[in-house]
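Beneath this line is the structure, given in structure tokens, with notes to follow.
Fair warning: this is a prediction, and the values are worked out from it, not measured in the lab. Throughout, a chain's letter reflects where its sequence line sits, starting with A, and its residues are numbered from 1.
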2 protein chains.
Amino acid sequence: MKKAGACDLKTCFLCQFSIPEWIAAVGDHKQHLSYKKNETIFQEGSPVKGIYFLYDGKVKVHKQWGPDKELIVRFAQKGDILGHRGLGSGERLYTVSATALEDTTVCYTDLAFFEASLKVNPQLTLKLMQFYADELQEAERKMRNLVHMDVKSRLADALLDISRLHNDIQFTISRQDLASFAGTTYETIYRNLQEFIQEKLIAVDGKSITILQEKKLKKYITL
Amino acid sequence: MKKAGACDLKTCFLCQFSIPEWIAAVGDHKQHLSYKKNETIFQEGSPVKGIYFLYDGKVKVHKQWGPDKELIVRFAQKGDILGHRGLGSGERLYTVSATALEDTTVCYTDLAFFEASLKVNPQLTLKLMQFYADELQEAERKMRNLVHMDVKSRLADALLDISRLHNDIQFTISRQDLASFAGTTYETIYRNLQEFIQEKLIAVDGKSITILQEKKLKKYITL
DNA sequence: ACAAAAATATGATCTAAATCATATTAAATC
DNA sequence: GATTTAATATGATTTAGATCATATTTTTGT
């Protein structure tokens, strides 16, 4: 991680929903930081020091289980907020880790300043609340999927989800990350990807995946 | 469902975090409603009309899957807010159902009034945001458990969770609800409960479950 | 109080997906 | 550019837990 130039004070969640008079204060307090591919931005279990806003790059938000198992909870990209799970009423420890999937730039605000921002900008609090509400809905939908859908359907859901995020039918992701996101193992993902390729619903070239038949993939989810 | 007497304007989330000048408006707008055991308070997929606050009784918050499968996302009790998942930015449909597990009293506020309350009371918005943050953390923890823990550990977690909620080592719950909460089937719960009884970690008498050795149950979770 | 419906109990069977094992290829790192 | 390390490929084996089947008990509606 190294410090980088100042940000434009327009793009991020914080600037977007703060009153104009507050933006100057934001400029004084926020820092631009950059991370290399695979670098950890923050670690599950460590104390929450601040909040991050993704400027550029891709980040995975994940929970660890033992030494070699994980669950990817979310992929974040430009504009997304990171580390906000620490704002709850419990102990101030990150409950997830964030790791850069490619070279990434974020801007960072310490917790005290962010909390002050919430007090000063009710609109910010409201938007953040709505953002949480959406994430909660999505988390619960995923929970239900984990319990009631088979792996192939969950993989279809994961592929569509990632495609939607990238706003592109083509994207790049490792099999292992796909497994951790769909809540299964590398081998099972490998086999089910093969099936989707056979069925011509997707095309794969190295780490690049292209969705060929979105409609048919979607059918797996409601079935 | 039938209308019941007015509420005390003190207990619920809404009253607790509204400024004093707003309480009168709350009194004018909120309604007390009562539901009999097994009655549906609101249904997944139907339009969000308002927000509920639990006054008395126990409620399960659950997602349906097909005609005969479900996932219980949360048990709610006195003071808890219900229906708030509808506050996100998406379509205004309930993403979960709420069903009374025993005779229950709630108070109800239509959505427009609740949203006005959020605008008027930044403190309310802030508290609600924190509440969401906590629920999100918990949902993500459960997701990880579903993926990486076996049923016995998830059952241990569910039992401890329910005990904590009731603030009592003894509580009452059907095997089917326990299964839906732990993300598994009735039969599997039945068998694992037998094991816990054999190991003398719990005692069961009809629908009543008593936790005998909390410590040992907890060990299942981190293992 | 009685019939119908729901919840519980328990064994037998089946299967999706995890685990194991090992070869190959690609990507970092020194 | 060579060497370690990580990611991918793919078959074989195992297993946890779902599903099925059926009997009994409890609850609930009329």
Using atom [atom1] of [X] as one end and atom [atom2] of [N] as the other, report the distance to the nearest whole Å.
X: B:Ile189; N: C:dT8; atom1: CD1; atom2: P; result: 12 Å
X: B:Ile209; N: C:dA7; atom1: CD1; atom2: C1'; result: 14 Å
X: B:His148; N: D:dG17; atom1: NE2; atom2: C1'; result: 18 Å
X: A:Leu101; N: C:dA27; atom1: CG; atom2: C1'; result: 16 Å
X: B:Leu146; N: D:dA16; atom1: CG; atom2: C1'; result: 15 Å
X: B:Glu187; N: D:dA23; atom1: CD; atom2: C1'; result: 14 Å
X: B:Ile173; N: C:dT8; atom1: CD1; atom2: P; result: 10 Å
X: B:Asn38; N: D:dT28; atom1: CG; atom2: P; result: 8 Å

Review point. Below 4.0 angstrom from OP1 or OP2 of D:dT27, is there any side-chain N or O of B:Lys37?
Key: no

Review point. Within less than 4.0 Å of OP1 or OP2 of D:dT8, is there a side-chain N or O belonging to A:Lys207?
Key: yes

Answer yes when [X] and [Y] have at least one side-chain N-carboxylate O distance shorter than 4.0 Å, and no when they do not.
X: B:Glu70; Y: B:Lys60; result: yes
X: A:Asp177; Y: A:Lys58; result: no
X: A:Arg191; Y: A:Glu187; result: no

Would you say [X] and [Y] make side-chain contact, with heavy atoms under 4.5 Å?
X: B:Phe114; Y: B:Lys30; value: no
X: A:Glu138; Y: A:Asp161; value: yes
X: A:Leu71; Y: A:Trp65; value: no

Which protein N or O atoms sit under 3.5 Å from an N or O of nucleotides 16-18 of chain C?
| unit_1 | atom_1 | unit_2 | atom_2 | d |
| --- | --- | --- | --- | --- |
| C:dA17 | OP1 | A:Val151 | N | 2.9 |
| C:dA18 | OP1 | A:Thr184 | OG1 | 3.0 |
| C:dA18 | OP2 | A:Thr184 | OG1 | 2.7 |
| C:dA18 | OP2 | A:Thr185 | OG1 | 3.1 |
| C:dA18 | OP2 | A:Thr188 | OG1 | 2.5 |

Revision key, fill the gap. Applying the Watson-Crick and G-U criteria (both distances under 3.5 angstrom) with [ ] for crossing and | for other-strand pairs, one obtains for DNA chain D .|||||||||||||||||||||||||||..

In a table with atom names and distances, give each donor-acceptor pair under 3.5 Å that connects a side chain of residues 199-213 of chain A to protein atoms at least two apart or in another chain.
| unit_1 | atom_1 | unit_2 | atom_2 | d |
| --- | --- | --- | --- | --- |
| A:Glu199 | OE1 | A:Tyr220 | OH | 2.8 |
| A:Glu199 | OE2 | A:Lys152 | NZ | 2.5 |
| A:Ser208 | OG | A:Gln170 | NE2 | 3.0 |
| A:Gln213 | NE2 | A:Lys200 | O | 3.2 |

Practice item. Report the relative orientation of the aromatic rings in B:Phe113 and B:His29; use parallel for angles under 30°, tilted for 30 to 60°, perpendicular for over 60°. Key: parallel

Review point. Distance-only, no hydrogens or angles: does the A:Thr105 side chain make a donor-acceptor pair with backbone N or O of A:Ser34 under 3.5 Å?
Key: no

